[in-house]
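Below, chain A is the first sequence line, B the second, and so on; all start at residue 1.
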Amino acid sequence: MIDEIPKQYNPKETEDKWYKFWEESNFFAAKPNPAKKPFTIVIPPPNVTGILHMGHALNNTIQDILIRYQRMQGKETLWMPGTDHAGIATQNVVEKAIAKEGLKRQDLGREKFIQRVWLWKEQYGSTIIRQLKKLGASCDWPRERFTMDEEYSKAVKNAFVILWRKGLIYQDDKIINWCPRCQTALSDEEAPHRELQGNLYYLRYPLKDNPQECVVVATTRPETLLGDTAVAVNPKDKRYKKLIGKILILPLINREIKVIADSIVDMKFGTGAVKVTPSHDPNDYSLGKKHRLEFINVMHPDGKMNEFAGDYKDMDRFEAREVILEDLKEKKLLEKVEPHPLSAGHCYRCHTIIEPYLSRQWFVKMASLAKPAIEAVKKGKIKFHPQRWTKVYLNWMENIQDWCISRQIWWGHRIPIWYCLDCKKNTASVETPLKCDECGCVNIKQDEDVLDTWFSSWLWPFATFKNKEDLKYFYPTSTLVTAPEIIFFWVARMIMAGLEFQKDIPFKDVYIHGTVRDIEGKKMSKSLGNIIDPLEITNEYGCDALRFSLISITAQGQDVYLSKERFEQGRNFANKIWNASRFILMNLDTSVIKTDLCVFFKKEDLSLVNRWILSRFYSTLKSVEKYLDNYQFNEAANLLYGFFWHEFCDWYLELIKSEIKNPHNQVVMYKILEKFLRALHPFMPFITEEIWQKLPHEGSSIMLTAWPHLQENIIEPKIENIMEEALEIITNIRNMRLGLEIPPQADNVSVKISVPDKNKRAVLESAANHIKNLARLNKVEILGEYKRAEREFSSVFKDKHITIPLSGVIDIEKHQEKISLKIAKAESDIKLKEKMLSDKNFLKRAPQEIVEKEREKLNNLKDEVQKLKGVKDGLR
RNA sequence: GGGCGGUUGGCGCAAUUGGUUAGCGCGCCUGAUUUACAUUCAGGAGGUUUACAGGUUCAAGUCCUGUACCGCCCACCA
């Protein structure tokens with residue numbers, strides 16, 4: 001039966017099978033269990049419109065590793081899944097879909113359109129969830145939430161009403177980011193600035209008194225001149241002092257505007273005179289308020305010019321710009337044009353250039369919400385990994401602006417504000433009110449706008465829990481795993497919401513992983529066509545390969561540069577595991593391995609090689625645990641990789657090959673493989689399950705086994721010493737192989753190499769190879785005996801000796817010298833430190849922390865010297 | 001304008017609180033094959049010693065100061 005195991009690992013056949021098994025067996029389910037500690041992660045809910053990309057793959061692999069690892073550590077683990085309704089994005093997608101039928105959303109009307117969106121969601125909204133399952137994500141799927149679920153919507157309204165009652169929500173006219181394509185307001189975070197190559201246009205505004213004389217203003221957006229209601233100069237600017245208060249004639253539409261003075265104007269920029277368009281620029285807006293200027297909005301919400309734009313009515317804003325420039329040129333009012341780099345906001349959904357636009361929107365006052373959220377991070381209740389993001393977070397929070405939360409779209413949580421059409425009062429309410437609170441009339445109407453999608457996402461860590469019992473047990477959640485792009489959008493706001501609505505932090509740790517980029521460092525995006533599809537990789541190399549490769553090349557928090565070839569490493573590793581396991585299975589005597597391992601240990605009669613590999617394995621495990629606790633996933637993965645491939649396979653299995661039936665060897669190789677599979681399971685869940693199931697095992701699935709801990713009865717201090725000894729011997733064998741040198745003038749000096757153990761065929765083989773190589777490299781002829789032995793390794797090696805023509809063996813003297821130097825230096829330092837620590841003055845004056853630190857340093861130094869001495873001895 | 005990250009062999013990246021001979025993967029070169037695995041094994045070349053210039057230290061890729069280049073984020077530069 002074992003012979004039927006194929007030579008190559010075939011992930012396709014196994015992955016779906018085991019995922020189905022896990023899911024159907026309810027292994028992912030979590031419920032409050034007082035006997036266990038909880039470990040909770042809430043998934044960053046992907047958009048319902050989402051299609052799995054590498055960012056998701058990385059993000060969810062990390063979460064799955066944490067969840068599976070903690071589950072094996074005996075925690076009650078909940079990974080809460082769900083999706084986000086993604087207001088604008090989803091609305092755009094559905095609008096595109098109905099456009100194929102020749103329809104606009106206005107043709108359908110609000111209610112019917114929303115029905116269509118729901119329909120779309122039913123049909124396509126689970127794509128991303130199916131894809132996450134392909135990744136092996138062990139989410140508690142029956143708990144899946146959607147940010148528009150009934151209960152969730154109620155939580156959103158609740159949050160709104162609470163803030164409203166606290167007076168933290170207000171409506172105001174402000175210049176906001178307006179996307180003319182999506183026709184909605186956006187928050188500052190949703191309108192990221194991008195560099196553009198623009199122009200600086202110098203325009204002449206003639207004086208009313210003397211049309212020959214002009215004030216030249218510089219602008220990047222000449223079309224806004226139609227809405228100008230002043231020109232501002234700096235009061236200190238000598239050039240313009242006499243013009244302050246004068247009247248200018250606005251070109252093209254011949255409106256009269258005044259020259260005003262304000263110190264905000266930078267004299268060095270442009271001409272020092274600036275046109276003021278209070279309705280189309282945030283700076284000008286505040287100037288307008290300050291100087292009581294007229295506010296003239298010249299644009300329709302769709303970016304076309306309106307009736308105030310005179311002849312330019314109905315032109316698109318950029319078309320109008322061109323025409324206006326032409327007209328100005330004709331009238332000789334365009335002095336010059338200079339190229340000028342500028343940055344403009346872009347809609348984060350459709351990338352259209354944002355129009356700063358004056359409109360009436362809803363805002364949340366953020367200052368009081370930010371305060372406790374700043375505290376929580378400063379006091380270390382919430383920790384960022386890597387730490388450097390703390391600063392980014394704090395910097396944003398400390399300069400936080402009020403949050404524009406109203407969106408002029410249809411898909412989303414409608415703002416729970418009701419207006420009374422009679423008494424004009426408005427009120428917020430979770431339930432639909434029957435009549436006006438103030439005047440008692442029934443003539444009431446709900447606000448037309450919906451809330452920013454992030455106004456629902458910020459409640460995610462707690463609004464996803466349906467009952468109090470769960471909330472109490474699983475909240476605060478343990479770790480949030482996410483990308484740097486959404487620290488402001490989401491992470492910061494969740495912290496504020498958690499503290500505001502739950503009076504507790506939403507999570508203890510935030511792990512920010514890097515951005516996945518292509519091999520040239522560009523962000524992967526559809527438009528660039530540089531996408532590597534995770535599902536394609538899964539198909540070709542297997543999901544485990546995808547996960548492992550991704551993790552092993554992602555250094556903590558650094559961006560990842562990907563190319564398809566990178567996944568070969570993971571695939572090769574999976575195949576290596578497969579074949580090593582195949583080899584072990586073929587040679588495993590199941591009656592032997594039932595014997596308890598520790599019996600051998602107590603007798604201390606395991607061979608050196610066995611003790612060595614066990615010692616290596618346990619120290620590997622220890623480090624892996626340390627790295628996982630530290631969010632250093634790549635280190636953990638690479639350690640397991642290196643141990644398995646280059647120590648367990650290349651050395652251990654080769655060394656025991658000839659005595660593979662020896663019961664000690666049987667037990668050790670079986671135990672290590674079985675435990676290694678468990679340790680690797682969080683990283684490569686499928687292949688580990690597949691092999692584990694083939695091995696003799698207890699329990700129904702590897703994912704329910706315990707993380708392989710050190711066993712006290714195996715690693716006794718005594719035994720550990722012996723293992724060190726074993727390690728030394730193996731190391732020396734390595735050194736021997738690596739250190740062989742043939743001096744160029746080598747003659748017939750013979751050196752005998754003898755290998756201490758009798759099962760060293762592999763070592764001798766490689767030694768022979770090496771010698772051959774060296775001889776060839778140094779153009780040394782291989783002499784008699786050895787040459788003949790080339791085809792007869794086995795017989796030559798039988799007496800465990802080979803005679804070769806070379807002199808030097810291992811040149812370690814230099815190294816030893818270096819180490820001796822270091823030891824001497826360290827020892828003198830120890831003396832210094834000891835002196836310092838016995839100095840009464842120092843102890844009296846230095847702060848306690850410093851003294852402690854010095855003590856620690858001293859101890860470290862002592863350890864270091866011990867280590868160095870050990871190394872030195874090891875080289876002898 | 002402010003902040004952050006990066007600069008280590010041909011390429012992509014590691015290196016815990018300063019401490020063994022600076023590692024790994026890919027690529028390259030040489031060799032091995034009655035083999036668990038060619039998605040393999042053994043070995044080798046390749047770092048003028050970690051962008052540059054100083055400094056601290058017994059010890060610096062790691063800490064400090066400065067410079068250069070690359071990338072990212074934030075900001076109301078019309």
Restricting both atoms to N or O, compile the protein contacts to nucleotides 76-78 of chain B shorter than 3.5 Å, with distance only.
| unit_1 | atom_1 | unit_2 | atom_2 | d |
| --- | --- | --- | --- | --- |
| B:C76 | O2' | A:N283 | ND2 | 2.5 |
| B:C76 | O2 | A:N283 | OD1 | 2.3 |
| B:C76 | O2 | A:N283 | ND2 | 3.2 |
| B:A78 | O2' | A:A218 | O | 3.3 |
| B:A78 | N6 | A:D266 | O | 2.4 |
| B:A78 | N6 | A:F269 | O | 3.3 |
| B:A78 | N1 | A:D266 | N | 3.2 |

Seminar exercise, completed: note: A:Y641, atom OH; B:A14, atom P; distance rounded to Å ~ 17 Å

For this session: Grab the CD-P distance between A:Q632 and B:G23 for me, whole Å please.
Result: 19 Å

Problem set entry | B:C4 to B:U40 separation - P atoms, rounded to the nearest Å | 44 Å

Listed pairs, N/O of protein and of nucleotides 3-10 of chain B, under 3.5 Å:
| unit_1 | atom_1 | unit_2 | atom_2 | d |
| --- | --- | --- | --- | --- |
| B:C4 | OP1 | A:K391 | NZ | 2.7 |

Seminar exercise, completed: side-chain hydrogen bond (donor to acceptor under 3.5 Å, both in side chains) with A:T277: of A:N283, A:D228, A:T229, only one passes, and it is A:D228

For this session: For nucleotides 60-66 of chain B, just jot down a letter per nucleotide in 5' to 3' order: B, S or -, based on protein non-hydrogen atoms under 4.0 Å.
Result: -------

Exercise. For A:Y285, what residues pass the ring-ring contact (aromatic ring centres under 6.0 Å, His included) criterion, not counting sequence neighbours?
Worked result: A:F295

For this session: Figure out the OH/P separation between A:Y541 and B:U39, and round it to whole Å.
Result: 12 Å

For this session: Using whole Å, report how far CG of A:N638 lies from C1' of B:C26.
Result: 14 Å

Exercise. Between A:E190 and A:S187, do the side chains contain an N or O donor and an N or O acceptor separated by less than 3.5 Å?
Worked result: yes

Seminar exercise, completed: Of the listed B:C73, B:U40, B:A36, the closest approach to the A:F488 side chain comes from B:C73

Exercise. Among A:I691, A:I687, A:I577, which one satisfies side chain to side chain contact (heavy atoms under 4.5 Å, CB included) with A:Y9?
Worked result: A:I687

For this session: Using the closest heavy atom to pick a nucleotide of RNA chain B for each, name whichever of A:A580 or A:K626 lands nearer the 5' end.
Result: A:K626

Problem set entry | Phosphate OP1/OP2 of B:G25: any A:H646 side-chain N/O under 4.0 Å | yes

For this session: Consider the side chain of A:Y627, meaning its heavy atoms from C-beta on, and name the nucleotide among B:U16, B:A15, B:A36 that approaches it most closely.
Result: B:U16

Exercise. Who pairs with A:Y393 by ring-ring contact (aromatic ring centres under 6.0 Å, His included), at least two apart in sequence or on another chain?
Worked result: A:F384

Exercise. Rounded to whole angstrom units, what separation is found between the CH2 atom of A:W645 and the C1' atom of B:C26?
Worked result: 13 Å

Exercise. Can you list the steps and then say if A:L334 with A:Y201 is a side-chain contact (heavy atoms from CB on, under 4.5 Å)?
Worked result: CA-CA 7 Å; A:L334 179 63; A:Y201 303 94; 4.3 Å; yes

Exercise. Between atom CG in A:N579 and atom P in B:A36, what is the gap in whole Å?
Worked result: 10 Å

For this session: Please state how far atom CG in A:N575 lies from atom P in B:C41, giving the value in whole angstrom units.
Result: 11 Å

For this session: For residues A:Y641 and A:F683, establish whether the separation of their ring centroids is below 6.0 Å.
Result: no

Exercise. Below 4.0 angstrom from OP1 or OP2 of B:C73, is there any side-chain N or O of A:R194?
Worked result: yes

Problem set entry | Watson-Crick and G-U pairing of RNA chain B, under 3.5 Å, as dot-bracket with | and [ ] | (((((((..((((.....[...)))).(((((.......)))))......(((((..]....))))))))))))....

For this session: Assert yes or no for the condition that the ring centre distance of A:F269 to A:H340 is strictly below 6.0 Å.
Result: yes

Problem set entry | A:L550 CG to B:C13 P, straight-line distance once rounded to whole Å | 15 Å

